[in-house]
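Read the numbers this way: they start at 1 and go in the same order the structure lists the ligands and their atoms. When reading the values below, keep in mind they use all heavy atoms of this one structure, side chains included, and skip hydrogens, waters and symmetry mates.
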Amino acid sequence: MELDWKAIDRWIFGEAWTGSKVGEHAAVLCEEIGPRWASSEGENKAVEYIRGQFVGMGLAGVGLEEFELNTWAHGRAEARVDDFSIDLLPYNRCPACALEAPIVDAGFGTEHELDKVRDQLQGRVALMHLAMEPFTTPVPANIRLEALAEAGVVAVVAIDPKDGRRVEYHNGGDWREPETAELPFPAVTTSREHGRLLQQWAKEGRRLKLVVESRFYPAPAHNVVGEIAGVHWPGERLVLGGHHDTVYGAPGGNDNASGTIAVMETARILAGLKAELGIDPGMDLCFATYSAEEQKFQGASEYVRRHCADKPRLAINLDELSAGHMKGVVLSFAHLRDFVQGQLDTMGDGLKCHVMSQLDATSDHFPFLRQGIDAAHLWRWRFRGRHADADYHHEPADTADKLNVRELKEYAGQLARLLLRLSHQAPEQWPVNTLTKETVKQRLHEERETVVRVY
Ligand SMILES: [Zn+2]
C-alpha cells in the first residue's frame, strides 16, 4: 500500500496540536511530583506515571526495567568565612568533608594561572572560576580540577558563571569516560557574586570552613519502555528516548520534563495514527525514558546493555528541548547524513541534518555512540544564539514555566513525521554502519581533553 503522506502529516500535526497533553504532563512531572533524582521517591512516582501513560496509549511491551544504580545523596552542605555563609551547592557525587583551610584564588585554573600560586596550594581550598579563560585555548573544567588535585588542594570552591546568585549542580569528571569520572576532592559551587567576595578574602588570607555530608550507595532505579511493532521488517528498530530524572532538588522543566514529554507525545501520536488511520510503522518504534542521565548515563547504559546487542538503525535522544523550535537532527557519525537529510527534505520544513565533529558526552546518546550505534540529538537553539529558557537546567529554578508548551507540540509532530518516514525505509536503503566499540574507543582517545565544540 502506498502511503498518503499528505494525509498522514495532516493527521499527525492536527493531533500534535489539538490532542496535546503537554501542559498536563508538565504539571504532573514538575509540580505534582517535582524533583526526580534517580532512585528517589520522586523518580518512582514519575516512572509509574510514564508507565501508565504508555499503557493508556496502547503501546506494546510496556514495562519498568530495574537496575542497580550507583548513587549518591547529600545532606548538610555549607561553607562559611567567619560568620558569613556563602551561596553553595555541592558538586554531584561530592565526597563528604568537614575541613577548615585558607583560601587561594586560582583564577580560571589554567596552567599559567596555577604557575602563579602553585606553591601556595598544598593543603588549601582553591577558588576557581568555572568559565573558560577568555582568549586562551579552552581547557575542560575537569582537567583544571585534576591540575588542582596534583597541586595538593584539599577542596575546591568553583564560581558559577551565571549571575543573580544562581548556582547549578556541576559534575566533576569527563563523562566521555564515565567509569573514571570522579572528583579527586570535595568540590562545591558558589555564586558569581559570592565568588567575588571570596576572591577578596583570599587576598586577606582568610579561612573557609566547609562541611558536606554525603554518602554513596546502591539503590534500585528504573527505565520505562514501550513500543509500536513495525509491519515490514521485524527486529529492525528505531529508538526514541529521553531522561526522566533530574539533578538533586530541581523540578527539571527544561531538563528534562521537556524531552520526556516529547517522547510520550510522539508515542501517543503514532499510536493514535495506527488506531485511527491504520497506519503502522515499517520498523519497530521503541520508546524509552531513561533513569539517571544525571548520574553518568547509568539508565541509558542499562538500556543499551539490555536492548542493543543488535544495533538499532538509529536512536534519537531528546534532552533540554526548551531551547526554541526544532531546527534539525545532529548525528555523531557521518554515514547517515545524506540519508537522514533525504527524509527531512520530504517534510518540507527546512530541517537540516548535521554531524558533530567530536563525540559528545553531554547526554544519553553517548552510551549508544560508545557501542558504535548511530545516535542523534536534536539541533535546536541550544547552541549559537541560545533561547533564554535553555539556560535553565541543573538548578531549582528549572521549573515548569521553562518548558515551552507550543514548541513541544511542534517537536512531537516533527518527530512523529520523521520516525514514521525513517521506519518505512527498507533496511537495504540504509547506509551500512561498520563502526565497532574499538573504533569509537580510538576516536575518543584522540579527542580526549578537548572541549566539545557545540556550534
Ligand atoms: Zn538533561
message: Applying side-chain hydrogen bond (donor to acceptor under 3.5 Å, both in side chains) to E407 and H325, what does each step give before you reach the verdict?
response: CA-CA 6 Å; E407 285 166 4; H325 63 262; 5.6 Å; no
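Excluding water, every protein N/O/S atom under 2.8 Å from the Zn ion (ligand 1) is given here by residue and atom: H243 NE2, D255 OD1, D319 OD1, D319 OD2.
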Residues 257-273 side chain polar contacts: donor-acceptor under 3.5 Å, at least two apart:
residue	atom	partner	partner atom	Å
S258	OG	N254	O	2.6
S258	OG	N256	OD1	3.4
S258	OG	L321	N	2.9
T260	OG1	H243	O	2.9
T260	OG1	N256	O	2.8
E265	OE1	K21	N	3.2
E265	OE1	R268	NH2	3.0
E265	OE2	R268	NE	2.8
T266	OG1	A262	O	2.6
R268	NH1	E15	OE2	2.6
R268	NH1	G19	O	3.4
R268	NH2	E15	O	3.4
R268	NH2	G19	O	3.1

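Taking the six-membered ring for Trp, F366 and W175 have ring centres at least 6.0 Å apart.
Ring geometry for W430 versus F339: interplanar angle of 30 to 60°, hence tilted.
Counting only distance, with no hydrogens or angles, the side chain of Q341 and the backbone of C353 share a donor-acceptor pair below 3.5 Å. Side-chain N or O atoms of S191 include none that pairs as donor or acceptor with a backbone N or O of V167 at under 3.5 Å.
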